[in-house]
Amino acid sequence: MARKSIKREQQAAQRMPVTRVAAEQNPNEQPISSGDTIAIDSDVTMTDGQADEGYQKNREHKRTDHTIVAKGQNVQTASISSDANEVAEGGLQALGRGVKELVQAIQELRYLGVEDLILPLPKIACVGDQSAGKSSLIEGISGIKVPRGAGTCTRCPLEINLCESSSLEEPWTCKVSLHKKYIYEGNLVPGRVLAKNASKLEGATRARPFGPWTLQESEEFHFATLTSKDEVEHVIYLAQLATLNPGSPWERYLPSNPNPNEQHQVKFSPNVIRLDISGPELPNLSFTDLPGVISDSDDEEVYLLALVQNLVKDYVKAEDCINVLAIPMTHDPANSRASRLIRELKAQGRTIGCLTKPDRMQVGESLDQWLGILNGETFRLGFGYHVIKNNPDTRVDHATARLEEQAFFDEEEPWTTTLSAYSHRFGTLQLVSALSERLTAQIRASLPRIADQVQRKAELIDAKLQELPEPIDGNLPAIVMGELNRFEREIEKHIDGGSHVNSFQKEWNRLARKFRKDLADTRPVLVLMPSPQTPSHGHSSRGTGPSSMSGTPTPTARGNTTPIPIDSDDDDVPCKPSPVVQRSGQKRPLASVQHTPQKIPRTLNSAPRLTALSSSRRFDLSEVRDIIQDAYIGLPNQIDPKATERMIVMSMEHWEEPVNRFLTGTKQLCEAMVFEQVEKVFGKYAKTLFYEKVMKICESFFEEVLSQQRQLVMQVLRWETSKPKTFNDESLELAEGRALTMLQTKRREARAGAYLDEQEAQTGKSTSGQTRIEKISKLSDAQLGPETYNREIVAMSTVKGYYECAYSRFVDVVCASIHCELFNKCRDNIGREMKQQFGVIEDGAYERFAILMAANPRDEERRAQLKKERDTIQKARERLDGLSQDELCE
């Protein structure tokens with residue numbers, strides 16, 4: 001039914017002129033329909049959109065019923081408040097009456113994104129040069145204050161939608177939102193104004209009319225909801241800052257955030273700030289305030305001229321756009337760049353002029369010029385001209401400003417005399433009435449075309465959808481959820497172990513035992529015979545350098561320079577054995593061990609290769625003596641704990657290497673297990689974006705959790721190696737006792753061997769095998785002489801005993817942390833992370849998975865976009881069908 005009514009309306013619109021012509025002024029003039037243009041030749045008669053009797057009656061009503069404030073009268077705000085509000089609100093209440101549904105329907109179509117589908121809608125655009133009084137015009141129409149300083153209010157469009165609330169009880173409300181239709185692709189200079197070469201970076205071209213701003217899919221962000229008009233100006237200022245800082249999060253400029261950065265990264269943006277204002281007795285009107293057309297600029301901002309001009313052109317050229325052209329009466333209208341744009345685009349027939357700053361007009365020659373403009377003799381516009389006056393003092397409220405404006409036109413010259421014939425076009429309320437009428441007429445004339453375009457767009461979308469291949473069948477979110485649950489179960493099986501088919505725990509236990517053995521095999525070692533070449537003050541060589549492995553120690557004071565072998569307590573075989581010293585003094589070379597970095601294994605069969613570690617920390621008796629003497633406290637035969645603490649720390653300095661090896665092996669093993677399950681569960685999707693995203697999620701997950709695990713283990717390592725500490729007195733005492741017994745036994749054997757070697761060197765007889773062992777065992781303490789390194793051996797037994805306790809404890813803590821942190825996170829969190837990132841239960845999951853799991857993702861992306869457009873078109877059709885016959889023909 002609604003579509004038939006639109007058809008009838010279209011036929012009626014062809015017969016009905018959109019603008020009425022005052023018979024007494026231009027009796028022979030032809031009416032102008034929506035979209036018509038008017039030439040500027042002197043012999044063409046113009047239509048001025050003169051108001052009908054309703055305008056005049058409304059004005060007479062206000063003259064008789066309200067007190068007028070004359071010029072120079074000293075009137076307090078409180079005394080005129082009631083009258084002012086009655087004038088302002090009474091006028092607004094009459095405006096737009098009967099057109100609410102039509103205006104709201106167009107607003108809703110715009111909110112749906114119909115214009116993003118290249119279906120233009122009727123609109124009003126306010127244009128003018130900089131300093132043309134456009135801010136006052138906007139404030140007068142909307143009843144709010146807009147920012148006037150810092151240049152921000154002129155750098156991006158401001159869309160204002162006024163709507164009468166459904167009841168008088170509903171409070172005044174303003175919803176501020178940011179509409180991001182363009183994305184900035186230029187170079188930002190955060191925190192300061194753009195550089196001098198900005199014109200090269202920002203300038204407009206034919207292919208890029210807005211410079212670095214390029215179209216994208218439209219996004220909307222709610223910025224603030226206000227219930228007080230006093231807050232609007234500041235919030236608009238913050239919203240403009242957010243728009244002019246595209247490289248910063250818009251949330252940074254919310255009203256709740258104190259002290260935002262007031263600099264801006266760009267000086268222009270085509271993105272819109274929208275104000276949806278509703279309240280009792282408001283006109284139903286929608287308009288956009290565009291940046292002022294720049295007439296001149298310094299060298300650093302010259303690029304802005306073309307950008308702003310192109311933005312204004314983009315609005316003005318639309319056939320359904322009614323243009324409000326602001327021209328100040330302080331300037332020659334021939335110099336107006338905005339007026340020139342209107343003429344270039346042949347949009348005069350859709351334009352209504354608004355003359356501002358009438359209180360500053362120079363009476364004299366200029367009066368004839370403005371009279372000619374109001375008469376339609378020069379600078380003709382299809383809808384004629386209106387004149388408004390606003391108080392430049394921003395502290396004056398809207399109602400008072402309207403009352404003062406009315407008093408100005410009723411009391412001042414030449415408005416009450418020479419120009420009184422045009423009084424029906426003086427004042428903001430008369431302008432709003434005219435705009436409401438024009439917009440309503442434009443909407444009614446455009447509805448048939450809009451309905452036809454919506455229908456054709458729907459048919460085109462359906463045809464494009466049929467061209468695409470058939471989509472994937474089935475409940476994709478449910479399928480993905482099932483696969484993710486299966487993946488979680490497989491990970492859990494391997495982490496928890498307990499089955500011969502899941503070898504993860506067995507492989508990791510082997511790594512853990514190897515880690516423990518690495519630390520056990522690199523216990524501190526004592527060279528049992530002192531070496532004269534050992535440097536003093538505790539500087540020893542690690543490994544098997546000559547200074548620690550050769551020399552001519554003697555067990556007695558007799559002295560001997562014959563080379564003898566050096567024994568140590570290395571029954572605890574190091575992982576990397578020392579070179580063997582032959583009787584001839586020649587060393588047997590060892591094969592070198594090289595570490596080759598391995599790629600992440602993808603299966604458990606490719607476990608990390610284990611290589612040899614560097615040797616233990618080796619202490620020479622002379623070095624131990626130097627360390628003890630460095631900490632000497634002045635008491636004989638006493639060992640300061642600082643000496644043993646120092647040697648304990650020195651004996652654990654190499655721990656970082658086996659720790660890194662263990663963590664690397666654990667990392668490789670975990671990744672191998674997880675990626676093996678990825679292949680097992682998701683391998684069938686290997687050629688899709690879904691599989692690619694699964695891999696990226698896993699890699700990102702491991703990067704985070706392994707980094708956290710490494711930080712934890714390294715913290716434990718720092719605790720262990722910073723200062724020796726234990727409360728396990730019993731274990732430490734037992735370990736020290738075993739170490740002392742072993743060191744004393746080994747030390748006596750070494751001294752006995754050296755003594756026998758010396759005897760054999762003197763006699764020239766040598767023994768070997770059982771005979772030598774028997775001779776050594778029969779040597780008495782008297783023959784060997786007194787032990788001169790008792791303190792050193794005792795100190796070393798403490799070092800070795802603590803090491804035994806510390807490495808065992810450290811291994812347990814590291815392995816427990818891996819079990820409780822790394823393994824548990826893998827088991828419990830990786831599947832959860834996938835479900836969260838895929839948004840399995842969120843809105844639009846089917847469309848996302850259709851793209852991710854498709855063999856050709858571009859087809860599914862296109863399908864999703866077309867379906868979204870189809871939904872928009874369907875809602876638009878429903879909204880158009882919902883318009884009643886009365887609304888269409890009123």
**Student:** Applying side chain to side chain contact (heavy atoms under 4.5 Å, CB included), run through K180 and Q216 and close with a yes or a no.
**Tutor:** CA-CA 8 Å; K180 188 176 180 181; Q216 66 158 14; 3.4 Å; yes

**Student:** Between the side chain of N284 and the main-chain N/O of V103, is any donor-acceptor distance below 3.5 Å?
**Tutor:** no

**Student:** Might you work through the salt bridge (charged side-chain N to carboxylate O under 4.0 Å, His left out) test for R879 and E108, ending with a clear yes or no?
**Tutor:** CA-CA 8 Å; R879 188 64 183 89; E108 290 174 19; 2.4 Å; yes

**Student:** Ring centroid separation for F504 and F823, is it under 6.0 angstrom?
**Tutor:**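 Yes, the ring of F504 comes within the 6.0 Å limit of the ring of F823, centre to centre.
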
**Student:** Do L519 and V811 make a side-chain contact, defined as non-hydrogen atoms from C-beta onward lying under 4.5 Å apart?
**Tutor:** yes

**Student:** Would you mind reporting whether E842 and Q836 have side-chain heavy atoms less than 4.5 Å apart?
**Tutor:** no

**Student:** So, does R848 use its side chain to make a donor-acceptor pair with the main chain of D843 at under 3.5 Å?
**Tutor:** yes

**Student:** Determine whether the side chains of E170 and S278 contain a donor N or O and an acceptor N or O closer than 3.5 Å.
**Tutor:** no

**Student:** Dump the intermediate steps for side chain to side chain contact (heavy atoms under 4.5 Å, CB included) on V659 and V713, then the final yes or no.
**Tutor:** CA-CA 8 Å; V659 166; V713 172; 3.7 Å; yes

**Student:** Please determine if K867 and E847 form a salt bridge, counting it only when a charged side-chain N lies under 4.0 Å from a carboxylate O.
**Tutor:**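 Between E847 and K867 there is no salt bridge, as every charged N stays at least 4.0 Å from the carboxylate O atoms.
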
**Student:** Distance only, no hydrogens: is a donor on one side chain within 3.5 Å (strictly under) of an acceptor on the other, for T721 and W655?
**Tutor:**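 No donor-acceptor contact under 3.5 Å links the two side chains.
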
**Student:** Atom CG of L112 and atom CD of Q874: how far apart are they, to the nearest 0.5 Å?
**Tutor:**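 Taking CG in L112 and CD in Q874, the distance rounds to 11.5 Å.
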
**Student:** Return the minimal non-hydrogen interatomic distance between P270 and F268, and the atom names on each side.
**Tutor:** CD-CE2, 3.8 Å

**Student:** Looking at R809 and E720, is there a salt bridge between them, counting it only when a charged N and a carboxylate O are closer than 4.0 Å?
**Tutor:**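 Salt bridge flag = yes for R809 with E720.
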
**Student:** In Å, rounded to the nearest 0.5 Å, how long is the span from CD of Q455 to CG of L880?
**Tutor:**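 Going from CD on Q455 over to CG on L880, the span is 11.0 Å.
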
**Student:** Under a plain distance cut-off of 3.5 Å, with no hydrogens placed, do S731 and N728 share a side-chain donor-acceptor pair?
**Tutor:**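 Indeed, the side chains of N728 and S731 share at least one donor-acceptor pair under 3.5 Å.
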
**Student:** Is the shortest distance from a Lys or Arg side-chain nitrogen in E657 or R661 to a carboxylate oxygen in the other one below 4.0 Å?
**Tutor:** no

**Student:** Mind listing the closest non-hydrogen atom pair of A512 and C815 along with its distance?
**Tutor:**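 What the structure gives for the nearest pair is CB-SG, 3.9 Å.
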
**Student:** Return yes if a side-chain donor-acceptor contact under 3.5 Å exists between Q711 and Q715, otherwise no.
**Tutor:** no

**Student:** With side chain to side chain contact (heavy atoms under 4.5 Å, CB included) as the test, would you mind laying out the steps for K835 and N485 before giving the verdict?
**Tutor:** CA-CA 9 Å; K835 292 176 182 178; N485 288 336; 2.7 Å; yes

**Student:** Flag yes if more than 12 heavy atoms outside E656 fall under 6.0 Å of its CD atom; otherwise flag no.
**Tutor:**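 For E656, atom CD is not crowded (no more than 12 foreign heavy atoms under 6.0 Å).
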
**Student:** Answer yes or no: is there an ion pair linking K514 with D518, defined by an N-O contact shorter than 4.0 Å?
**Tutor:**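 A salt bridge is present here (some side-chain N lies under 4.0 Å from a carboxylate O).
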
**Student:** For L244, run the side chain to side chain contact (heavy atoms under 4.5 Å, CB included) check against H264, Q263, Q265 and tell me which one passes.
**Tutor:** H264

**Student:** Between R155 and Q240, do the side chains contain a donor N or O and an acceptor N or O under 3.5 Å apart?
**Tutor:**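 On atom types as modelled, these side chains do not qualify, holding no pair under 3.5 Å.
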
**Student:** Any heavy-atom pair between the side chains of F702 and V674 that's under 4.5 Å?
**Tutor:**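 Answer yes - side chains close enough.
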
**Student:** Between R456 and E459, does at least one N-O distance fall below 4.0 Å, as a salt bridge requires?
**Tutor:** no

**Student:** Mark yes or no for whether D452, through its side chain, and P448, through its backbone, hold a donor-acceptor pair below 3.5 Å.
**Tutor:** no

**Student:** Between D276 and R274, does any NZ, NE, NH1 or NH2 come within less than 4.0 Å of an OD or OE carboxylate oxygen?
**Tutor:**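 A salt bridge is present here (some side-chain N lies under 4.0 Å from a carboxylate O).
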
**Student:** Between R110 and E115, is there a side-chain N and carboxylate O pair less than 4.0 Å apart?
**Tutor:** yes

**Student:** How about Y691 and E679: does a side-chain donor come under 3.5 Å of a side-chain acceptor?
**Tutor:**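 Yes, E679 and Y691 have a side-chain donor paired with an acceptor closer than 3.5 Å.
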
**Student:** Would you mind reporting whether L226 and T173 have side-chain heavy atoms less than 4.5 Å apart?
**Tutor:** no

**Student:** Testing the basics here: between L178 and A239, what is the closest heavy-atom pair and its distance to 0.1 Å?
**Tutor:**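 Between these two residues, the closest heavy atoms are CD2-CB, 3.8 Å.
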
**Student:** Side chains of F849 and V840: closer than 4.5 Å at any heavy-atom pair?
**Tutor:** yes

**Student:** Would you call E676 and K680 a salt bridge, taking side-chain N to carboxylate O under 4.0 Å as the test?
**Tutor:**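 Here E676 does not pair with K680 in a salt bridge, since their nearest N and O are not under 4.0 Å apart.
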
**Student:** Check whether the side chains of S177 and H179 place a donor and an acceptor atom closer than 3.5 Å, and report yes or no.
**Tutor:** yes

**Student:** Just verifying a value: how many Å separate E483 CD and F838 CZ, rounded to the nearest 0.5 Å?
**Tutor:** 11.0 Å

**Student:** Atom CG of residue position N257 - does it have more than 12 heavy atoms of other residues, nucleotides or ligands inside 6.0 Å?
**Tutor:** yes

**Student:** Below 4.5 Å, heavy atoms only, C-beta onward: do W508 and Q505 meet side chain to side chain?
**Tutor:** yes

**Student:** Could you check, using the six-membered ring where one of them is a Trp, whether F690 and F682 have ring centers closer than 6.0 angstrom?
**Tutor:** yes

**Student:** If you apply the rule side chain to side chain contact (heavy atoms under 4.5 Å, CB included), what do you find for T288 with V272, and how did you get there?
**Tutor:** CA-CA 9 Å; T288 301; V272 176; 5.6 Å; no

**Student:** Return the OG1 to CZ distance between T664 and R710, rounded to the nearest 0.5 Å.
**Tutor:** 5.5 Å

**Student:** Counting only heavy atoms from other residues, nucleotides and ligands, does the tally under 6.0 Å from NZ of K696 exceed 12?
**Tutor:**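 No, not enclosed.
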
**Student:** So among N502, I495, V681, V678, which one has a side chain to side chain contact (heavy atoms under 4.5 Å, CB included) with E490?
**Tutor:** V681

**Student:** Which pair of non-hydrogen atoms, one from V716 and one from V813, has the smallest distance, and what is that distance?
**Tutor:**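 Of all heavy-atom pairs spanning V716 and V813, the closest is CG1-CG1, 3.8 Å.
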
**Student:** With a 4.5 Å cut-off on side-chain heavy atoms, are T688 and L852 touching?
**Tutor:** no

**Student:** Determine whether more than 12 heavy atoms belonging to other residues, nucleotides or ligands lie under 6.0 Å from atom NZ of K175.
**Tutor:**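 Open: at most 12 neighbouring heavy atoms sit under 6.0 Å from NZ of K175.
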
**Student:** Look up atom CD1 in I697 and atom CE in M834, then write down how far apart they are to the nearest 0.5 Å.
**Tutor:**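 Taking CD1 in I697 and CE in M834, the distance rounds to 6.0 Å.
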
**Student:** When you measure from the side chain of T666 to the backbone N and O of F662, does any donor-acceptor pair fall under 3.5 Å?
**Tutor:** yes

**Student:** Could you state the interatomic distance from CD1 (I450) to CD1 (I443), rounded to the nearest 0.5 Å?
**Tutor:**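 It comes to 8.0 Å.
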
**Student:** Would you check if the distance from the ring center of H222 to the ring center of W250 is below 6.0 Å?
**Tutor:** no

**Student:** For E703, does the CD atom have more than 12 heavy-atom neighbours from other residues, nucleotides or ligands under 6.0 Å away?
**Tutor:**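 No, because the 6.0 Å sphere around CD of E703 holds 12 heavy atoms or fewer from other groups.
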
**Student:** Could you tell me which non-hydrogen atom of E159 sits nearest to which non-hydrogen atom of N161, and how far apart they are?
**Tutor:** OE2-ND2, 3.0 Å

**Student:** Would you find more than 12 non-hydrogen atoms of other residues, nucleotides or ligands less than 6.0 Å from K875 atom NZ?
**Tutor:** no

**Student:** Mind checking whether L511 and N509 have side chains closer than 4.5 Å, heavy atoms only?
**Tutor:** no

**Student:** Nearest heavy-atom pair of G474 and Y846: which atoms, and what distance?
**Tutor:**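 Nearest pair, atom of G474 first, then Y846: O-CE1, 3.3 Å.
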
**Student:** Can a side-chain donor-acceptor contact be found between T243 and N271 if the only test is distance below 3.5 angstrom?
**Tutor:**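 Side-chain D/A pair, N271 to T243: absent.
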
**Student:** Under a plain distance cut-off of 3.5 Å, with no hydrogens placed, do Q708 and K825 share a side-chain donor-acceptor pair?
**Tutor:**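 The answer is yes; a qualifying pair exists.
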
